[in-house]
Asker: 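Mind having a look at this structure? Questions to follow.
Read the numbers this way: they start at 1 and go in the same order the structure lists the ligands and their atoms. Worth knowing before you read on, the calculation uses all heavy atoms, side chains too, and leaves out hydrogens, waters and symmetry mates.
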Amino acid sequence: MSFLQPAGQVIDLGVNIDHIATVRNARGTVYPDPLRAALIAEQAGADLITLHLREDRRHIKDADVLAIRPQLATRMNLEAAVTQEMIDFACKVKPQDVCLVPERREEVTTEGGLDIIRYQKEVEAAIRQLKSEGIRVSLFIDADEQQIAAAAAVGAPVIELHTGRYAEASSPEEHARELERVKAGVRAGVKHGLRVNAGHGLHYTNVQPIAAIPDIHELNIGHAIVAHALFAGFENAVREMKAIMVAARLGVSYASSKAGQ
Ligand SMILES: CC(=O)[C@@H](O)[C@H](O)COP(=O)(O)O
Ligand SMILES: NCC(=O)COP(=O)(O)O
C-alpha cells in the first residue's frame, strides 16, 4: 500500500523489525516472533519489510530471514554488511532489495553511512554479485555529494540517506542545517539518476519534514515504531493477562489472542 501525498507523490514505508528480535533475544525465547510482526506490519500498510542481519546476529538471525522471505506479500529489504558471507547469504535468500550498510561490532547502532569511496572495489564486487541474482542494491550512505556521486559510479540504482544526524539534532539551528543537508543529498541523488530513500532514527515527531521531500521514495523506520507499539498496545496486553487469570480462576473459558507471540 502506498500513500498519495497532496502533491500527487507516493511515499513508501519500510518497517524495520530488528527490534522485535532484540526483545526476543533478550530472553532467548521464541516470542515475540519477527515473522508475526512483519505480517502485522504489512496488514497495517507497510510497503516493505526491512531487516538487518548483523554480523554478530544480535537481533535478526539467519533463520528469521529464511522464514520471513517466502511469507511476505510486499517485498523484503535485507540490510547487510559488505562481507562475502553476507553477500552469499543474500544471494541464497534472494530478497527484492539488499541495502549495503557499514558495520562496526562495538557500535550500538549504525553510526554513519557506508564509505563508498574507500570501499569502492568491495562494493562494486558485491553489487555485481547481487545484480546477477536479480536483486536490487541500495547503498546506505551519508547525504554527502561525493559519496552520492561514488554510489552512482559503482552502479547502484538506489541510495538510502542516513538521517541519524538529522534525528539527533539538539537545537533548531542544527535541525534546520541537517534537514537542508538531507534535501541537498536528495537533489544530488536525483541529479545522478538514483532512486533516493532515507532512514535511521526517524520518529513520530521528526518524520514530517523528511516525508514531505517530494523526491524521497521510501522511508525505513523501526526503533520508533517498536517503541511506540509498547505503549500503544500495553493497556490491552495488561487487560488480556488479567482476563485470562480471572477466567482461569473462575473456570470459564477465555479465548486468548495469542498475545505477545
Ligand atoms: C542500517 C540501519 O540504519 C538499520 O539497520 C538500523 O540501524 C537498525 O538496526 P540497528 O539498531 O542494529 O542499527
Ligand atoms: N535503514 C534504517 C532503518 O531500517 C531503520 O532505522 P531505525 O528507525 O531503527 O533507526
Asker: Give the atom numbers and elements of ligand 1 that come within less than 4.0 Å of a heavy atom of Val101.
Answerer: 1 (C)
Asker: May I ask you to identify the nearest protein heavy atom to atom 2 (C) of ligand 2, giving residue, atom name and distance to one decimal place in Å?
Answerer: Glu160 OE2, 3.3 Å
Asker: Mind checking whether Arg54 contacts ligand 1 via backbone (N, CA, C, O), side chain (CB onward), both or neither, at a 4.0 Å heavy-atom cut-off?
Answerer: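 Within the 4.0 Å criterion, Arg54 contacts ligand 1 through side-chain atoms alone.
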Asker: Is it the side chain, the backbone, both or neither of Asn220 that has a heavy atom closer than 4.0 Å to ligand 2?
Answerer: both
Asker: If we set the cut-off at 4.0 Å for heavy atoms, which region of His19 has an atom near ligand 1: side chain, backbone, both, or neither?
Answerer: side chain
Asker: Is any NZ, NE, NH1 or NH2 atom of the basic residue among Arg54 and Glu107 found under 4.0 Å from an Asp or Glu carboxylate oxygen of the other?
Answerer: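 Yes, this pair counts.
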Asker: What protein heavy atom lies closest to atom 3 (O) of ligand 1? Include the residue and the distance to one decimal.
Answerer: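 Sorting protein heavy atoms by distance from atom 3 (O) of ligand 1 puts His200 ND1, 2.8 Å first.
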Asker: Starting from atom 9 (O) of ligand 2, what is the nearest protein heavy atom, named by residue and atom, and what distance separates them?
Answerer: His223 N, 2.9 Å
Asker: Which atoms of ligand 1 have any heavy atom of Asp18 under 4.0 Å away?
Answerer: 5 (O), 8 (C), 9 (O)
Asker: In ligand 1, which numbered atoms sit nearer than 4.0 Å to a non-hydrogen atom of Thr109?
Answerer: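 Within the 4.0 Å cut-off of Thr109, ligand 1 contributes 7 (O), 10 (P), 11 (O), 13 (O).
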Asker: May I ask you to decide whether Lys121 forms a salt bridge with Glu124, counting only side-chain N to carboxylate O separations under 4.0 Å?
Answerer: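 Answer for the salt bridge query: no.
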Asker: Applying side-chain hydrogen bond (donor to acceptor under 3.5 Å, both in side chains), run through Glu103 and His52 and close with a yes or a no.
Answerer: CA-CA 11 Å; Glu103 246 181 64; His52 184 174; 2.9 Å; yes
Asker: Checking the N or O distance criterion of under 3.5 Å, is ligand 1 in contact with Arg58?
Answerer: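 By distance alone, the answer is no.
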Asker: Which residue holds the protein heavy atom closest to atom 4 (C) of ligand 1, what is that atom called, and what is the gap in Å?
Answerer: Glu79 OE1, 3.0 Å
Asker: Any heavy atom of Glu79 sitting closer than 4.0 Å to ligand 2?
Answerer: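 Distance cut 4.0 Å: Glu79 passes for ligand 2.
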Asker: Students should be able to answer this: which protein heavy-atom is nearest to atom 7 (O) of ligand 1, and at what distance?
Answerer: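 Protein heavy atom with the smallest distance to atom 7 (O) of ligand 1: Thr110 OG1, 2.9 Å.
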Asker: Do you see a donor-acceptor pair shorter than 3.5 Å between the side chains of Glu79 and Asn77?
Answerer: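 Result is no, nothing qualifies.
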Asker: Asn16 to ligand 2: N or O pair under 3.5 Å?
Answerer: yes
Asker: If we count only N and O atoms by modelled type, under 3.5 Å, do the side chains of Asp88 and Gln84 hold a donor and an acceptor together?
Answerer: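 Indeed, the side chains of Asp88 and Gln84 share at least one donor-acceptor pair under 3.5 Å.
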Asker: For His217, enumerate each residue passing the side-chain contact (heavy atoms from CB on, under 4.5 Å) test, keeping only those at least two apart in sequence or located in another chain.
Answerer: Arg195, Asn197
Asker: Any N or O on Gly199 sitting closer than 3.5 Å to an N or O of ligand 2?
Answerer: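 N/O-N/O distance below 3.5 Å does not exist for this pair.
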Asker: May I ask you to identify, for Asn16, whether its side chain, its backbone, both or neither come under 4.0 Å of ligand 1 on a heavy-atom basis?
Answerer: side chain
Asker: Do Arg239 and Glu235 meet the salt-bridge criterion of a basic N to acidic O distance under 4.0 Å?
Answerer: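 The answer is yes: the pair qualifies as a salt bridge.
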Asker: Got the closest protein heavy atom to atom 6 (O) of ligand 2, with its distance?
Answerer: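 Answer, as residue, atom name and distance: His200 CA, 3.7 Å.
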Asker: Check whether any heavy atom of His59 sits under 4.0 Å from an atom of ligand 1.
Answerer: yes
Asker: Which atoms from ligand 2 have a heavy atom of Thr50 less than 4.0 Å away?
Answerer: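 Result: 4 (O).
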Asker: Is the shortest distance from a Lys or Arg side-chain nitrogen in Arg57 or Glu85 to a carboxylate oxygen in the other one below 4.0 Å?
Answerer: yes
Asker: Closer than 4.0 angstrom, basic N to acidic O: yes or no for Glu145 and Arg187?
Answerer: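 So Glu145 does not pair with Arg187 through a salt bridge.
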Asker: I'd like to check the salt bridge (charged side-chain N to carboxylate O under 4.0 Å, His left out) partners of Lys131; sequence neighbours left out, ordered by chain and number.
Answerer: none
Asker: Would you tell me whether Glu160 and Ser138 have side-chain atoms, one donor and one acceptor, within less than 3.5 Å of each other?
Answerer: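 Note: Glu160 and Ser138 side chains miss the donor-acceptor criterion.
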Asker: Kindly indicate, with the supporting measurements, whether the criterion salt bridge (Lys or Arg N to Asp or Glu O under 4.0 Å) is fulfilled by Arg136 and Asp97.
Answerer: CA-CA 5 Å; Arg136 182 169 64 171; Asp97 294 277; 2.6 Å; yes
Asker: Does Tyr119 OH have over 12 foreign heavy atoms under 6.0 Å away?
Answerer: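 No - once you tally the heavy atoms of other residues, nucleotides and ligands closer than 6.0 Å, there are 12 at most.
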Asker: Return the closest protein heavy atom for atom 10 (O) of ligand 2 as residue, atom name and distance.
Answerer: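 Nearest protein contact, heavy atoms only, for atom 10 (O) of ligand 2 is Gly201 N, 2.8 Å.
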Asker: To check your reading of the model: name the closest protein heavy atom to atom 8 (O) of ligand 2, its residue, and the distance in Å.
Answerer: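 For this ligand atom, the closest protein heavy atom is Gly222 N, 2.8 Å.
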